2 protein chains.
Amino acid sequence: MKVLLVEDDQFHARYLQDALAEALPEVTETLHAVNGQEGADEARAGRIGAIVMDLQMENHNGIEAARTIWAERPETRILFWSNYSDEAYLRGISRIVPEESAYGYVLKTASRDRLKLALRAVLIEGQIMVDREIHRFQRRATAPGNALDDSEYAVLLDLALGLQDKLIAERRGMSLRTVQNRLLSLYDKLGVGVEDGPGLPLNKRVRALNRAITTRTLNVEMLETAQREFDRWATRNCNKPG
Amino acid sequence: MKVLLVEDDQFHARYLQDALAEALPEVTETLHAVNGQEGADEARAGRIGAIVMDLQMENHNGIEAARTIWAERPETRILFWSNYSDEAYLRGISRIVPEESAYGYVLKTASRDRLKLALRAVLIEGQIMVDREIHRFQRRATAPGNALDDSEYAVLLDLALGLQDKLIAERRGMSLRTVQNRLLSLYDKLGVGVEDGPGLPLNKRVRALNRAITTRTLNVEMLETAQREFDRWATRNCNKPG
DNA sequence: ATATTTGCTGCGGGTTCCCGCAATTTTGCT
DNA sequence: AGCAAAATTGCGGGAACCCGCAGCAAATAT
């Protein structure tokens with residue numbers, strides 16, 4: 001049996017390798033990759049069925065890599081192993097897990113025994129195993145009242161880039177007033193306008209981005225990704241103002 | 001000779017401990033701390049003169065800890081050892097390094113040999129040693145035309161929290177128009193309004209926060225710190241709207 | 001001492017933003 | 001099909017924002 005480790009930190013990779021060797025003697029070959037891009041390539045080339053993946057990586061983060069891999073081979077078992085309980089990443093995960101796959105989520109602060117348990121449960125037994133700490137996040141993120149639906153999320157990204165209402169409306173094919181309604185519910189769900197008592201008026205737009213960042217709904221990489229996507233859209237539609 | 005290691009990641013702490021033992025046989029005792037708060041306490045209690053410190057930590061990050069330590073004993077030698085070339089942290093460092101101290105900055109991706117070299121150079125020889133990668137950031141951050149002076153930086157923090165012009169003026173003791181002038185130069189230095197060609201108007205306020213985040217001028221912890229400081233200021237001045 | 005630069009301030013206009021109101025369309029359910 | 005709830009859209013006004021213009025004071029240069 002072959003296992004692929006995708007992890008850019010050398011110390012963590014070493015530790016992972018050791019734990020894997022201890023916990024899963026049936027593993028005959030262990031491959032390494034240092035970013036999501038490499039990871040996806042290795043998985044494709046080596047026909048890997050079991051992967052342990054870090055989330056926070058330079059080139060192509062764990063979510064993007066997992067999406068690529070699962071698109072090609074949905075039955076691939078992936079154990080995510082990450083330092084941070086980053087809600088931003090979690091939002092991504094729960095959307096792309098295929099029905100037929102097994103996956104798991106373990107924090108790097110977990111004990112060696114728990115890691116070994118998760119390795120066996122997910123990669124060998126094909127179970128689902130999520131750290132309880134993470135599960136709390138996931139539930140809060142998907143709880144009614146807090147969950148951002150897709151269109152709200154799209155508007156949040158545009159807002160975060162600094163687009164103004166008219167541009168968002170144009171890009172997303174909505175009317176101006178609808179965009180503003182989305183913003184309204186965004187403000188509500190992000191808790192903007194709650195903390196500012198009388199005499200403390202806040203700029204809701206900036207506040208929304210601030211809240212999205214501090215609650216880990218967005219992070220730097222997602223901003224950069226969104227920027228690239230917007231730039232593509234903008235160049236494609238730049239013949240319009242002519 | 002005693003050395004204090006401040007590092008919240010167990011693997012990195014282990015590696016650091018090993019490298020330290022190899023490189024500096026004259027070290028007789030090694031202490032550990034897992035966050036900045038503990039680190040500062042240990043340094044005070046143990047009269048430590050040499051410290052290796054991670055920057056990104058939960059409780060009290062490396063910058064805050066270093067500020068505390070240097071305030072009490074400015075001659076303390078500190079080698080910063082961090083995963084990220086975070087401009088946000090660097091801005092903090094260059095401001096608080098005392099004249100009489102030695103310090104250094106090494107990336108965690110550096111080779112073991114380079115780490116050992118830095119350990120000796122900074123902690124034993126009392127030299128200044130900065131990773132070249134980091135130095136580029138530092139220079140760009142302090143280059144004329146990019147450097148944010150203190151008052152601009154203060155206004156940036158307030159903007160990032162979502163305060164509107166009038167509140168910023170009140171808090172910082174400036175006139176409304178002056179605040180707006182600061183914002184103008186902020187927009188300029190952050191490159192807001194450059195990328196948006198005709199037909200692509202952007203919300204400058206949000207865009208400024210976006211740029212500050214993506215260029216690593218600000219990060220999540222600094223936002224949280226600024227929020228706490230603002231909250232204190234707000235409660236202290238909450239008798240004003242009466 | 002005079003001239004120039006730099007920073008702070010008020011004023012005013014054009015624009016965007018926030019949001020309540022009401023009309024219309026879509027959605028969901030029986 | 002029929003009805004109610006929810007979502008979408010237009011309108012309008014008050015507030016905040018961006019910024020050019022101009023006056024003033026302090027610092028610096030000539």
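Since the model is a prediction, treat every value here as computed from it, not as a measurement. First the proteins, then the strands, lettered A, B, ... as listed; each starts at 1. All values below come from the heavy atoms of this structure, side chains included, with hydrogens, waters and symmetry mates left out.
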Among Ile51(B), Leu79(B), Ile78(B), which residue satisfies the side-chain contact (heavy atoms from CB on, under 4.5 Å) criterion with Val122(B)? Leu79(B)

Heavy-atom donor-acceptor pair, Arg216(A) side chain to Thr214(A) backbone, under 3.5 Å: yes

Rounded to whole angstrom units, what separation is found between the CE atom of Met174(B) and the P atom of dT9(C)? 9 Å

Nearest heavy-atom approach of Leu159(B) to Ile168(B) is N-CD1, 4.1 Å

Does a distance-only test, which skips hydrogens and angles, find a donor-acceptor pair under 3.5 Å between the side chain of Gln164(A) and the base of dC17(C)? no

Are any non-hydrogen side-chain atoms of Arg44(B) and Thr68(B) less than 4.5 angstrom apart? yes

When you check the phosphate oxygens OP1 and OP2 of dC17(D), does a side-chain N or O of Asn203(A) lie under 4.0 Å from one of them? yes

Atom CG of Asp188(B) to atom P of dG7(C): distance rounded to whole Å? 13 Å

Distance, rounded to the nearest Å, where Leu202(B) contributes CG and dC17(D) contributes C1': 15 Å

Does Asn181(A) reach a base, just sugar-phosphate, or nothing at all? Heavy atoms under 4.0 Å. base

Lys204(B) side-chain N/O to dC19(D) phosphate OP1/OP2 under 4.0 Å: yes

At less than 4.0 Å, is any side-chain N or O atom of Lys166(B) found next to OP1 or OP2 of dA15(D)? Yes or no. no

Atom CZ of Arg182(B) to atom C1' of dC8(C): distance rounded to whole Å? 9 Å

Can you tell me if CZ on Arg73(A) sees more than 12 non-hydrogen neighbours from other groups inside 6.0 Å? yes

Within the structure shown, what part of the strands sits under 4.0 Å from Leu184(B) by heavy-atom distance: base, sugar-phosphate, or nothing? sugar-phosphate

Find the distance Leu176(B):CG to dC18(D):C1' and express it as a whole number of Å. 12 Å

Whole-Å gap separating C1' (dC17(C)) and CG (Leu163(A)): 15 Å

Quick one: Arg172(A) CZ to dT9(D) P, roughly how many Å, whole number? 15 Å

When the distance from CG of Leu183(A) to P of dT16(C) is rounded to whole Å, what number comes out? 15 Å

Given DNA chain C, 5'-ward residue of the pair Thr178(B) and Gln180(A), judged by closest heavy atom: Thr178(B)

Give a yes/no answer on whether the side chain of Arg177(A) brings an N or O atom under 4.0 Å of OP1 or OP2 in dC19(C). no

Quick check for you: among dC18(D), dG10(C), dC18(C), whose closest atom lies nearest to any side-chain atom of Ser175(B)? dG10(C)

